[in-house]
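Below: the structure, in structure tokens.
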Amino acid sequence: MSSMVLYSRQAKKMISVYKKKMLLKTKVKHQQYIMRTGNLSDAKIVSSYLLSDCPSQAFSALVYVSPSSTELFYWNSLIKHYVVVSKNIKKAISIFITMRKLGWLPDGYTYPYVLKASGELPCFFLGASVHGLLVVSGFEWNVFVCNAVVAMYGRCGSVDLARQMFDEMTGVGMLDVISWNSICVVYVHSGDFERALEMFGLMVRRGGLCLRPDVISLVNVLAACASLRNWRIGKEIHCCSIRRGLIEDVFVGNGLVDMYAKCGLMDKAEVIFDRMEVKDVVSWNAMVTGYSQIGQFDDALELLKRMRVEEIELNVVGWSAVIAGYAQRGMGCQALDIFREMMHSGAEPNVVTLVSVLSGCAVVAALRQGKETHCYSIKRILNVDEYDSGEYMMVVNGLIDMYAKCKDLDTAQRMFESIEWSSRSVVTWTVMIGGYAQHGDSNSALELFSDMMQNKKGVIPNSFTISCALVACARLGALRFGRQIHAYVLRNRYESAMLFVANCLIDMYVKSGDIDTARVVFDSMKERNIVSWTSVMTGYGMHGRGEEALQIFEGIRRTSYVIDGVTFLVVLYACSHSGMVDLGISYFNNMSKDFGVLPEVEHYACMVDLLGRAGRLSDAMKLVEDMPMDPTPIVWVALLGACRLHSNVDLGEYAAAKLSELDSENDGTYTLLSNIYASAGRWKDVARIRSLMKNIGIRKRPGCSWVQGKKGTAMFYVGDRSHPISNDIYNLLTDLIDKIKVLGYVPETSYALHDVDDEEKGDLLFEHSEKLALAYGLLTTAPGVPIRIIKNLRVCGDCHTAMTYISKIVPHEIILRDSSRFHHIKNGSCTCKGYW
DNA sequence: GTAGGGTTAG
């Protein structure tokens, strides 16, 4: 082994020495030639430079040779060298351009290489102009050139033009196996796998005996089957490869392993893999990837061990596959472990590895490791000149996403802004929009989305972008914006990703208070999944339409979807918010028996909420005591909320104490407790809590409401007088309060402290943000149109009562969303029927 | 001509 290595090293050295000598001789000859003839070069000189493997010298010599058909050979050799050997496409093209300038006309050998070069860049205009040159120069077409045109258009993304060329070839009967393979590749690369399969079928049927699929055909069609997860056709190809005697080919074997692995049939993949006599690193990696993608990491790691034993060096793809597998499953820590092991083994991470690691950091919000990866990326990738390259942008997109998911939105934004508009891809926009949408700054998300849409020659949103924008709308309850996006979706084609988009639309309509349109979207879906069903059910639950929610649940039971914990959470939530206590209890008691879903902490919290709302506080407490796991803060918060609702001081104090034991005291805890004391008239305790909060330095989150006006959204804080029509708002409010007092409204002063830091109570009640928002809505909304208000915290009880009275005397439905549900208030009654 | 990667929902 080592002697062979030594030998090949020596041989290489000798060859390079020989070439250097040749080059030296040629240079001397060249100088002598110039002295002797006064000319700068001739064909012999060019030929000598080419033989001594020095294309750049050959090129500069060739420029001085006058055109004649025999010397065209040298141009073609040069172009071929740069396209095929050194893959310096730009150089190849500059040679072609020089050649044209000097008056040479390309021939049947030049065209395929130049077309290939255009495709590799890819540059549509170059390719199309070469095609144009072919047409106008009266070149006699042959099958090689035609195939090259098909491939070029395919690589430049013009599937239609590629197909047009192919059809013309069909018309004159100029097709060989390579033509069929070329058109198949075009479809595979464009993602139209069905059509690739269709073309393969046509080839087999039409071609007869003289057009038999070769290794390349099989490899392509296997890739299509793998992408479509169509193992039935894959199996047929498997048989075909046996019949044709091509199963021994390592490429075909790899294709089969990959196809079975992608279809999740790892046992079949294993059989092929074990029978392959020649395996290369691709075969191993395909298996490792297969196991990683179905989450069988033990098997993947076992293979890695076997590779070590058999001394096969795992390359970067294998490592990346395992890292990506972990990252996609949200197992960021394991992904980082493998990354460390990889660095340890000495393998060099590449773009794919880095992107996978970044995604791992993103899912576990590991900012420190993310920053380390950023540093490493700068060393490895981000210092290249090709700022615009796709690979560069991929890493940058991964970084922006990582920073956004780690909640470092400032850094994410700075990176995003440092990228020129022309370099931002749709993914760049999407990660930034999504980053804002997920971390609360939904207004910025929508602004960014508008920026992107208004850039005329810019980027077209894909289904991911649309989904992110809809998430932002849902958070803001921005129904108008959401409707515009819905209209955009209907005008443009998003069919292939409609499931995801429609699910987001449902959620947007639900959270914006339009459950009926959400239902229309749901009913019109061609394809649904468990998320679609659960979203609609959540909608009915949030809007207090418990019976309809449970009808949806019964609908799910009739489908074959697996009912999971999230679905059950929604069922319990719906029962809780519609007062269906006994039904909720029975669902909860039977969920593990009938559906195999074990109740988790969240389910217990929901049950505490359900019992607590119904006033069954001792039952709620008993449930907490009997929990098989330790209660987490959400459980105690639910209990505390119930104590507030039913003014139970003792239990409330207990829950608050438990919360502070768990180190999770937040402003909500203190506010609730303070309100419990207030409703019991224990003002001293209220004052104690207030000063405690001041001492510890906890500030209350200000209550804040916003309302959808004609011109966008208006936002109000408690006692807010900053709005231009503030005077009108307060006047209207005073007037309304007076009117409803006549109807029997009595201010509930115990809520006065709910939202104010100020010790004064009483008058301040009517400065609550939701009341201000309502008054603004009344002033700016046409009669008959619902007024939509959103509050960040839970709605105050007095505001709720006041709004119910007000709804008797105004020609509007009031649709109010708070942190827990929707209230539809109309003609003096509310859908929450007291179960808020 | 084969293997790996970034953005979305309950």
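Just so it is clear: chains get the letters A, B, ... in the order the sequence lines come, proteins before strands, and each one is counted from 1.
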**Item:** Nucleotide nearest N462(A) (side chain, heavy atoms from C-beta), chosen from dT7(B), dG1(B), dG4(B)
**Value:** dT7(B)
**Request:** Find the distance I552(A):CD1 to dG10(B):P and express it as a whole number of Å.
**Result:** 17 Å
**Prompt:** What integer distance in Å separates D280(A):CG from dG1(B):C1'?
**Reply:** 13 Å
**Asked** When all nucleic acid strands are considered with a 4.0 Å heavy-atom cut-off, which category describes V427(A): base, sugar-phosphate, or nothing?
**Response** base
**Prompt:** Which of these nucleotides, dG10(B), dT2(B), dG1(B), is closest to any side-chain atom of D564(A)?
**Reply:** dG10(B)
**Request:** With heavy atoms under 4.0 Å as the rule, sort D214(A) into base, sugar-phosphate or nothing.
**Result:** nothing
**D176(A) and N147(A) side chains, donor-acceptor separation under 3.5 Å** = yes
**Asked** Do any side-chain nitrogens or oxygens of Q438(A) fall under 4.0 Å of OP1 or OP2 in dT8(B)?
**Response** yes
**Asked** What is the nucleic acid contact for N181(A), judged by heavy atoms within less than 4.0 Å: base, sugar-phosphate only, or nothing?
**Response** nothing
**Message:** Need one value for S425(A): base, sugar-phosphate or nothing, where a base atom within 4.0 Å counts as base even if backbone is also close, heavy atoms only.
**Reply:** base
**Request:** Would you kindly give the CZ-to-P distance between F273(A) and dT2(B), to the nearest whole Å?
**Result:** 20 Å
**Message:** Please confirm whether the shortest side-chain N or O distance from K511(A) to OP1 or OP2 of dA9(B) is below 4.0 Å.
**Reply:** no
**Request:** Could you please name the option among dT2(B), dG4(B), dA9(B) that lies closest to any side-chain atom of C504(A)?
**Result:** dA9(B)
**Request:** Answer with base, sugar-phosphate or nothing: what part of the nucleic acid does L358(A) contact at a heavy-atom distance below 4.0 Å?
**Result:** nothing
**Request:** Could you say whether the aromatic ring of F251(A) and the base of dG1(B) stack, counting only centre distances under 5.5 Å and plane angles under 30°?
**Result:** yes
**Item:** Inter- and intrachain pairs under salt bridge (charged side-chain N to carboxylate O under 4.0 Å, His left out), touching residues 393-406 of chain A, at least two apart
**Value:** D401(A)-K405(A)
**Asked** What nucleic acid atoms does T567(A) come within less than 4.0 Å of, heavy atoms only: base, sugar-phosphate, or nothing?
**Response** base
**Spacing of D507(A) atom CG relative to dG10(B) atom P, expressed in whole Å** = 5 Å
**Asked** To the nearest angstrom, how far is D258(A) atom CG from dG4(B) atom P?
**Response** 5 Å
**Asked** Using a cut-off of 4.0 Å on non-hydrogen atoms, how would the nucleic acid contact of A286(A) be classed: base, sugar-phosphate, or nothing?
**Response** nothing
**Prompt:** Is the base of dG10(B) touched by the side chain of S535(A) through a donor-acceptor pair closer than 3.5 angstrom?
**Reply:** no
**Fill in**
Ranking dG10(B), dT7(B), dA3(B) by distance to the side chain of K405(A), first place goes to dT7(B)
**Asked** Rounded to the nearest Å, what distance is computed from the CH2 atom of residue W429(A) to the P atom of nucleotide dT7(B)?
**Response** 19 Å
**Message:** At 4.0 Å (heavy atoms only), tell me whether V355(A) reaches a base, stays on the sugar-phosphate, or touches nothing.
**Reply:** sugar-phosphate
**Request:** Report which part of the nucleic acid V471(A) touches: base, sugar-phosphate, or nothing (heavy-atom distance under 4.0 Å, all strands).
**Result:** sugar-phosphate
**Complete:** Among dG1(B), dA3(B), dT7(B), the one nearest any side-chain atom of N285(A) is dA3(B)
**Asked** Side chain of V317(A): nearest nucleotide among dA3(B), dG10(B), dT7(B)?
**Response** dA3(B)
**Request:** Assess the pair F522(A) and W533(A): is the distance between their ring centroids shorter than 6.0 Å?
**Result:** yes
**Asked** Using a cut-off of 4.0 Å on non-hydrogen atoms, how would the nucleic acid contact of T289(A) be classed: base, sugar-phosphate, or nothing?
**Response** sugar-phosphate
**Fill in**
Here the distance between atom P of dT8(B) and atom CD1 of I433(A), to the nearest Å, is 12 Å
**Request:** Verify the ring-centre separation between F297(A) and Y326(A): is it less than 6.0 angstrom?
**Result:** yes
Show me the donor-acceptor pairs, under 3.5 Å and distance only, between side chains in residues 268-276 of chain A and residues at least two apart or in other chains.
| from | atom 1 | to | atom 2 | distance (Å) |
| --- | --- | --- | --- | --- |
| E270(A) | OE2 | Y291(A) | OH | 2.3 |

**Asked** Quick one: the side chain of N350(A) and the base of dG4(B), do they pair up donor-acceptor inside 3.5 Å?
**Response** yes
**Asked** Centres of the Y494(A) and F500(A) rings: under 6.0 Å?
**Response** no
**Message:** From C-beta outward on V566(A), which listed nucleotide comes closest to its side chain: dT8(B), dG1(B), dG10(B)?
**Reply:** dG10(B)
**Request:** Quickly work out the N503(A) CG to dA9(B) C1' distance and round it to whole Å.
**Result:** 6 Å
**Prompt:** Between F416(A) and W429(A), is the ring centre distance below 6.0 Å?
**Reply:** yes
**Message:** Taking 4.0 Å as the cut-off, does a side-chain nitrogen or oxygen of K279(A) come that near to OP1 or OP2 on dA3(B)?
**Reply:** no
